[in-house]
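Below, chains carry the letters A, B, ... as their sequence lines are ordered, and counting in each starts from 1.
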Protein chains: 2
Amino acid sequence: MSTPLKALGDVDRTIHEPARLMIVSLLYLVREADFNWLLHQTELTKGNLSAHMAKLEQAAYIDVEKRFQGKMPQTLYRLNKAGRKVLEQYRAAMRKALDYS
Amino acid sequence: MSTPLKALGDVDRTIHEPARLMIVSLLYLVREADFNWLLHQTELTKGNLSAHMAKLEQAAYIDVEKRFQGKMPQTLYRLNKAGRKVLEQYRAAMRKALDYS
DNA sequence: ACAGACCAGTCTGTACCGCAAACCGGTCTG
DNA sequence: CAGACCGGTTTGCGGTACAGACTGGTCTGT
């Protein structure tokens with residue numbers, strides 16, 4: 001068993017990144033969101049958001065659905081089971097690590 | 001006023017880095033430590049630890065004292081006022097950001 | 001006295017990463 | 001039909017974490 005502080009050594013870097021932590025937390029709360037909604041919530045640039053979403057997809061933490069809303073393309077994101085689990089573990093680990101006198 | 005999640009956008013990257021968060025938390029708790037003690041506590045490599053300490057020093061979060069312990073060189077680190085404050089703010093921000101249903 | 005192991009760190013090279021701006025295919029407006 | 005706008009992706013750049021090689025010096029054994 002390792003101490004809460006040492007556990008920081010192996011936090012999930014994919015989620016630890018602030019922008020992605022924000023995104024993943026949002027998805028955790030809303031269940032589904034499109035690119036633009038995330039764009040406005042996070043206040044990231046488009047390029048930046050796109051890159052982060054790609055990373056989350058590659059890590060297989062989110063499911064991505066591309067479709068057309070009328071004639072305009074739209075991308076939908078959902079946090080999947082793996083993503084939800086990783087976030088919960090991350091939150092627990094961080095809270096423990098930050099919780100001292 | 002920004003929501004706790006949005007506040008993630010401007011967390012202090014110097015402290016957010018897991019290795020450094022660990023170091024700074026340790027220093028917060030012990031008040032003073034030398035290189036080797038940190039080395040063993042964190043299980044980082046020497047090069048890595050050295051680089052992190054340099055960064056913390058450059059950010060002016062720690063005070064560094066080089067001296068000799070007998071004939072061997074020894075470096076002592078202490079978290080200064082700025083460092084303590086930044087850590088406290090970071091902890092508060094992270095707890096808020098991670099605290100939702 | 002000298003060689004080699006060890007010690008406390010620092011320096012260097014590499015691979016990755018976050019970021020914004022440029023770009024792209026397509027749609028809407030005048 | 002030209003130019004603004006929309007939903008994203010790609011590119012280029014600067015910065016960063018990391019491990020391993022290196023440095024300057026001390027200790028041990030013979």
Peer 1: From B/Thr42 OG1 over to A/Leu8 CG, what is the distance, rounded to the nearest 0.5 angstrom?
Peer 2: 11.5 Å
Peer 1: How many Å lie between CE on A/Met22 and P on C/dG18, as a whole number?
Peer 2: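 Rounded to whole Å, this separation is 13 Å.
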Peer 1: Round to the nearest Å and state the distance from B/Leu76 atom CG to C/dG9 atom C1'.
Peer 2: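 Answer to the nearest Å: 14 Å.
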Peer 1: Can you give the first and last nucleotides of DNA chain D, 5' to 3', that have an atom under 4.0 Å from a heavy atom of chain B?
Peer 2: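 Footprint of chain B along DNA chain D, 5' to 3': D/dT16 to D/dC27.
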Peer 1: Heavy atoms only: give me the nearest B/Leu98-A/Arg95 pair and the separation to one decimal.
Peer 2: O-NH2, 3.1 Å
Peer 1: Determine, step by step, whether A/Gln69 and A/Leu76 satisfy the side-chain contact (heavy atoms from CB on, under 4.5 Å) criterion, reporting the C-alpha distance in whole Å, the side-chain angles of both residues, the deciding distance to 0.1 Å, and the verdict.
Peer 2: CA-CA 11 Å; A/Gln69 174 85 310; A/Leu76 251 49; over 6 Å; no
Peer 1: Both B/Asn48 and B/Pro73 contact DNA chain C. Taking the nearest nucleotide for each, which residue is further toward the 5' end?
Peer 2: B/Pro73
Peer 1: Check A/Met22 against B/Gly9 and note the closest heavy-atom contact, atom names and distance.
Peer 2: CE-N, 3.9 Å
Peer 1: Would you name the heavy atoms of A/Leu38 and A/Tyr77 that are closest together and state the gap between them?
Peer 2: CD1-CD1, 3.9 Å
Peer 1: Please report the closest heavy-atom contact between A/Arg84 and A/Tyr28, naming both atoms and the distance.
Peer 2: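 Nearest heavy atoms, A/Arg84 then A/Tyr28: CG-CE1, 3.3 Å.
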Peer 1: Pick the nucleotide of DNA chain C nearest each of A/Thr45 and A/Lys71; which residue has the one closer to the 5' end?
Peer 2: A/Thr45
Peer 1: Any luck finding a side-chain donor-acceptor pair between A/His52 and A/Asn48 under 3.5 Å?
Peer 2: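 Note: A/His52 and A/Asn48 side chains meet the donor-acceptor criterion.
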Peer 1: For the pair made of CD in B/Glu17 and P in C/dG18, what is the distance, rounded to whole Å?
Peer 2: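 Rounded to whole Å, this separation is 11 Å.
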Peer 1: Roughly, in whole Å, what's the span from CE in B/Met72 to C1' in C/dA5?
Peer 2: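 Answer to the nearest Å: 12 Å.
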Peer 1: Relative to A/Tyr61, does A/Arg20 satisfy both conditions: NZ or CZ under 6.0 angstrom from the six-membered ring centre, and within 45 degrees of the ring's axis?
Peer 2: no
Peer 1: Just by modelled atom types, is the A/Leu21 backbone N or O under 3.5 Å from a matching donor or acceptor in the A/Ser25 side chain?
Peer 2: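 The answer is yes, because a donor-acceptor pair under 3.5 Å joins these two groups.
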Peer 1: Output the residues of residues 51-70 of chain A in contact with DNA chain C, where contact means a heavy atom of the residue under 4.0 Å from an atom of the strand; sort by number or write none.
Peer 2: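 Output list: A/His52, A/Lys55.
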Peer 1: Is there a residue in residues 24-40 of chain B whose heavy atoms reach under 4.0 Å of DNA chain D, and which residues are they?
Peer 2: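 Those residues whose heavy atoms fall under 4.0 Å from DNA chain D, taken from residues 24-40 of chain B, amount to none.
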Peer 1: Using a 6.0 Å cut-off, check whether atom CZ of B/Arg67 has over 12 heavy atoms from anything other than its own residue.
Peer 2: yes
Peer 1: Starting at atom OH of B/Tyr77, determine the distance to atom P of C/dA8, rounded to an integer number of angstrom.
Peer 2: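 It works out to 12 Å between those atoms.
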Peer 1: Can you check the B/Leu49 CG to C/dC11 C1' distance for me, whole Å?
Peer 2: 15 Å
Peer 1: State, to 0.1 Å, how close B/Met94 and A/Tyr90 come at their nearest heavy-atom pair, and which atoms those are.
Peer 2: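 Smallest interatomic distance, heavy atoms only, reads CE-OH, 3.5 Å.
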